[in-house]
Structure formats: structure tokens, C-alpha cells
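Every chain is numbered from 1, with letters handed out A, B, ... down the list of sequences. What you see is a predicted model; the values in this text were computed from it and never measured.
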Protein chains: 2
Amino acid sequence: MSESLDCNHDSTAFPAVSPEGVLERAAAILRAAGDPGRLRLLELLRSGERCVTELADFTGDSLSTISARLRVLRSERLLTRRREGKHQYYSLADHHIDELLQGVFEHAAEEESK
Amino acid sequence: MSESLDCNHDSTAFPAVSPEGVLERAAAILRAAGDPGRLRLLELLRSGERCVTELADFTGDSLSTISARLRVLRSERLLTRRREGKHQYYSLADHHIDELLQGVFEHAAEEESK
DNA sequence: GCCACAGTTCATCGATTGATAGATTGTATT
DNA sequence: AATACAATCTATCAATCGATGAACTGTGGC
């Protein structure tokens, strides 16, 4: 029997991993947030619900650009939307998203201060 | 003076946002983790340091594929690496990364169970 | 219905991305 | 130096991605 000791091959096996579906969901969430333009929108919405033109005015990007970004975020369920008259209001889907954002922003700020 | 009340334009302004550099860093981290193949590696490394061949054996992917994925993760500082003889060992860069992963996996699992 | 406003969608395009086979580099032993 | 093993790099390619202008859709007031 070959006792080939490739690195730590003699050590413990990997613990249980997430099902494929969970992994895909997690990756999709991270990927959706992983664009600077979209991440900025998420950040802005941490402070509360806003309509599309407010977001566009603040960022200086076109309505179609903002709309395209919001579409991605909503399709991955990072955002929710409601309509009031002519206006569409977007907000973070839940507190998990907020916590995720807080964590990564803190970490990024820490790294940038080095 | 135009008192055009576009949605909540009469409401409060946006609070302070992160500097551009912080935003870019945060987005880069999220993006690096936001690929299923790379995210799986991160997940595997949550349980501790592993060498490249262990990761390749477990996932069933080729060495060059694993190496390419690790390269992205390390360049965005999600992973650290050390060499011991012929072997390169990879591990999560710090506990922030672990927390980020935990948060997003829990959220994804929750969504997948609905 | 007409008009105005708010927002989305569509088609297009250049840029980016992830996988891959094989060449190359780094470490260890003899 | 020769050989073996571990891992990285390179070049290539098909697929995906984000921005964009303009057409289109939805809501509201008259």
C-alpha cells in the first residue's frame, strides 16, 4: 500500500461542504455585490429606502445605468422594490445583506488604512 | 423656484459614503469570492490550511484550474500562502474573511430552504 | 385621450473572465 | 547533473459582462 505522504494527505478529511445550490446562491449574492457601481448603490440604500432618480442624482450616472444595476441586485434578491405612484422605491432586502455589507466595508477600510 | 417633489427629494440627503478606494477594495473582495469555483475553495479552507493537491483531489478539478483560482483569491488577499518543501499551503487570510463567508453561507442556506 | 414624468428594456459593443493544455519553475533526492 | 514531484505561468478561446442611447412601458393629471 502506497503511503505517499503528499503534504497533509495523511491528515483529516474535509468536513461537510454546502450543497451545490447553497454554494451557487452564495456566489451569486457575492458576485452581484462585487461590482463597484452596484456596491455603491447597496451602500447608499443602507441608510434607507430611495427612489431611482435620487440614486441617479447622487451618483451622477444615467437612469438607464442605475436601472440596469438595480435590476441585477434585485434579481439576486439583495434589494426589494415597491411602487408609489410614478415612483419606484428600492431598499435592502433584509438585515443579512446589511450585515454582509458592514463587514466587508469595515474590512476594506481597515486594509485601505494600512 | 421649482418645488418639484420628485419622490423623496425633499427628504434627508445621503449620509457620508465610503471613499472610492474603500469601495473598490470591498467590491474586489466580494467579486473574488463571487465565483462558485473560488467560493468552494474558500469554504474548504475555512476548516484549516490545505495544500493545492488536496484541494484539487477533493474538488476533482485540474491543478492548473485550482492554481488559477487560488491566484485570484490570493491577489485580493482573501488567502495567504506558505511553502514547506515541495508543497504550497493555503489558508484564509484572516477571521474577517471567515465571518464574511459564514454570513453569506447562512443566508444562502436560508434562502435555499424556502 | 393627450401629455408629462419616472423608470425599464433593448440592442449593441468593447472589455473582461474562467477554463485549459502544456510549458515552465521551484523543491527534494540521489 | 539527472530525475521526480508540486505548483505556477502562458497563450488561447468562447462566454459573459457593464455601459449606453433610445425606444418602450407604467403612473398621474387634465
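For the pair B/Leu79 CG and D/dT8 P, the interatomic distance rounds to 11 Å; values are reported in whole Å. One atom, CZ of B/Arg71, and another, C1' of D/dA11, lie 14 Å apart when rounded to the nearest Å. A straight line from CZ of B/Arg81 to C1' of D/dC9 spans 12 Å, rounded to a whole angstrom. Following rounding to the nearest Å, B/Arg74 (CZ) and D/dT8 (C1') show an atom-to-atom distance of 10 Å. With rounding to whole Å, A/Tyr90 atom OH is found 8 Å from C/dG7 atom P. Here the C1' atom of nucleotide D/dC24 and the CD atom of A/Gln88 are 15 Å apart, to the nearest Å. When rounded to the nearest whole Å, the span between CG of A/Leu73 and C1' of C/dT8 equals 15 Å. One interatomic measurement links the two molecules: CG of A/Leu63 to P of D/dC24, which rounds to 18 Å at whole-angstrom precision.
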**OP:** Mind running side-chain contact (heavy atoms from CB on, under 4.5 Å) on A/His96 and B/Glu106 for me, showing each step along the way?
**Re:** CA-CA 9 Å; A/His96 286 144; B/Glu106 283 177 1; over 6 Å; no
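The listed nucleotides are C/dG7, D/dT8, C/dT8; the one nearest the side chain of A/Ser67 is C/dT8.
No path of Ile, Leu, Val, Met, Phe, Trp and Tyr side chains, each step under 4.5 Å between heavy atoms, connects A/Val72 with A/Leu44, placing them in separate hydrophobic clusters.
Here the closest heavy-atom approach between residue A/Leu73 and residue A/Arg38 is recorded as CD1-O, 3.7 Å. Taking every heavy atom of both residues into account, A/Ile29 and A/Glu76 meet most closely at CG1-O, 4.3 Å. The heavy-atom pair separating B/Leu70 from B/Tyr90 by the smallest distance is CD1-CE1, 3.6 Å. Smallest separation of non-hydrogen atoms from B/Ala108 and A/Val22: CB-O, 3.5 Å. Closest of all the heavy-atom pairs between A/Cys7 and B/Thr53 is SG-OG1, 3.7 Å. Of all non-hydrogen atoms in B/Leu92 and B/Leu45, the two that sit nearest each other are CG-O, 3.9 Å.
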Subject >> Protein proximity profile, nucleotides 18-23 of chain C - base contact B, sugar-phosphate-only contact S, no contact -, cut-off 4.0 Å on heavy atoms >> reply: SSBBB-
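Within a 6.0 Å radius of CZ in A/Arg46, more than 12 heavy atoms belonging to other residues, nucleotides or ligands are found.
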Between N or O atoms, less than 3.5 Å apart, protein on one side and nucleotides 12-14 of chain D on the other: list the pairs.
none

What nitrogen or oxygen pairs link the protein and nucleotides 27-30 of chain C at under 3.5 Å?
from, atom 1, to, atom 2, distance (Å)
C/dT27, O3', B/Gly85, O, 3.2

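In summary, the side chains of A/Ser64 and A/Ser67 do not present any donor paired with an acceptor at a separation below 3.5 Å, with no hydrogens or angles considered.
Remark: B/Arg50 qualifies as a cation-pi partner of A/Phe14 under the 6.0 Å distance and 45° angle criteria applied to the six-membered ring.
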